[in-house]
Amino acid sequence: MKKVIFICLGNICRSPAAEAIFNKMVSAKGDLLIPFSDSAGLHDYHSGEHADRRMRSHAFLRGYNITSLSRKISKEDFYNFDLIIAMDKSVERNLISLAPDNLSSGKIELFTHYCTNPLFTEVPDPYYGGDAGFENVLDILENGMPSLISSLY
């Protein structure tokens with residue numbers, strides 16, 4: 001079974017949404033060998049908290065239930081996951097600098113590498129914006145997730 005972890009800055013908007021979308025799309029495939037997913041943040045600003053209520057609300061309207069609690073990425077995550085997905089280039093650079101070895105840093109990828117829309121180069125942080133920012137994040141995640149999931153089988 002493949003294991004993937006989604007990483008953003010604080011683990012309350014983008015990465016928990018990615019985890020929920022991944023889980024729903026994978027379960028819809030009906031496979032017995034379901035890949036495992038998790039999410040975390042670079043920082044522990046919101047450790048133990050639910051995802052941002054705005055993201056949970058927008059995701060719910062699209063049929064996604066975000067239930068994860070925020071946590072900071074750990075050294076063990078670099079060893080326990082097959083794929084470490086960064087939501088933007090800054091997160092990707094930070095993850096590479098945190099990776100304990102070359103094998104671990106080789107697991108890090110930018111989410112938008114899986115997107116079919118070439119205009120999607122990063123998953124932007126919607127935290128300080130309005131509704132359109134949360135909808136944009138969900139659009140990007142829904143665009144790239146099928147390709148990501150296909151790559152795991």
Side-chain angles (χ1 to χ4, degrees), residues 2-28 34-78 80-99 104-105 107-152:
K2 296 280 185 159
K3 297 191 317 185
V4 60
I5 187 167
F6 299 97
I7 310 294
C8 67
L9 191 60
N11 192 217
I12 60 166
C13 293
R14 298 171 289 172
S15 57
E19 179 185 358
I21 292 169
F22 178 92
N23 289 341
K24 183 169 183 179
M25 288 186 178
V26 164
S27 67
I34 295 176
F36 175 79
S37 73
D38 197 0
S39 63
L42 288 177
H43 302 285
D44 62 357
Y45 304 136
H46 304 281
S47 195
E49 295 178 17
H50 288 282
D52 184 286
R53 67 167 180 74
R54 297 168 296 173
M55 181 54 83
R56 285 185 286 144
S57 175
H58 285 275
F60 183 78
L61 292 173
R62 293 190 188 203
Y64 306 111
N65 187 19
I66 300 175
T67 59
S68 60
L69 297 178
S70 177
R71 71 177 184 88
K72 182 179 178 180
I73 190 169
S74 69
K75 182 178 180 180
E76 291 78 26
D77 291 326
F78 286 96
N80 293 335
F81 288 89
D82 301 300
L83 196 53
I84 301 167
I85 302 292
M87 293 291 113
D88 63 42
K89 292 173 186 170
S90 174
V91 169
E92 180 183 38
R93 284 190 302 275
N94 278 282
L95 286 169
I96 290 168
S97 72
L98 291 172
S104 298
S105 64
K107 298 177 181 182
I108 300 165
E109 293 189 27
L110 192 61
F111 178 82
T112 51
H113 288 164
Y114 295 96
C115 289
T116 58
N117 184 335
L119 297 177
F120 297 151
T121 58
E122 294 185 295
V123 182
D125 191 344
Y127 188 78
Y128 293 105
D131 291 342
F134 291 93
E135 290 295 324
N136 184 44
V137 165
L138 294 170
D139 289 343
I140 295 168
L141 294 174
E142 287 178 332
N143 178 270
M145 203 61 72
S147 295
L148 170 60
I149 292 169
S150 292
S151 78
L152 297 173

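Just so it is clear, the model here is predicted, and its values are computed rather than measured.
H43 NE2: more than 12 foreign heavy atoms inside a 6.0 Å radius.
Using a 4.5 Å heavy-atom threshold, the side chains of N117 and D139 count as separate. Annotation: side chain of L83 is not in contact with side chain of K3 (no heavy-atom distance under 4.5 Å). Using a 4.5 Å heavy-atom threshold, the side chains of F6 and L148 count as touching. Side chains of P35 and I149 form no contact here, defined as non-hydrogen atoms less than 4.5 Å apart. For the pair L152/F22, a side-chain contact is recorded, criterion being any heavy-atom separation below 4.5 Å from C-beta on.
Checking K107, R71, K72 one by one against D77, the salt bridge (Lys or Arg N to Asp or Glu O under 4.0 Å) holds for a single residue, R71.
Residue pairs meeting the side-chain hydrogen bond (donor to acceptor under 3.5 Å, both in side chains) criterion with at least one member in residues 83-95, sequence neighbours excluded, are R14-D88. The list of salt bridge (Lys or Arg N to Asp or Glu O under 4.0 Å) pairs with a residue in residues 44-54, not counting sequence neighbours, reads D52-R54.
Residues forming a side-chain hydrogen bond (donor to acceptor under 3.5 Å, both in side chains) with S37 (at least two apart in sequence, or on another chain): N23. Among residues two or more places apart in sequence or in another chain, the salt bridge (charged side-chain N to carboxylate O under 4.0 Å, His left out) test is passed with E135 by R62. Qualifying side-chain hydrogen bond (donor to acceptor under 3.5 Å, both in side chains) partners for S104, counting only residues two or more places apart in sequence or in other chains: D101.
Under the 3.5 Å distance criterion, the side-chain polar atoms of R56 are left unmatched by any main-chain donor or acceptor of I66.
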Report, one line per pair, each donor and acceptor closer than 3.5 Å where one atom sits in a side chain of residues 123-133; sequence neighbours left out.
unit_1	atom_1	unit_2	atom_2	d
D125	OD1	Y127	N	3.0
D131	OD1	H58	NE2	3.2

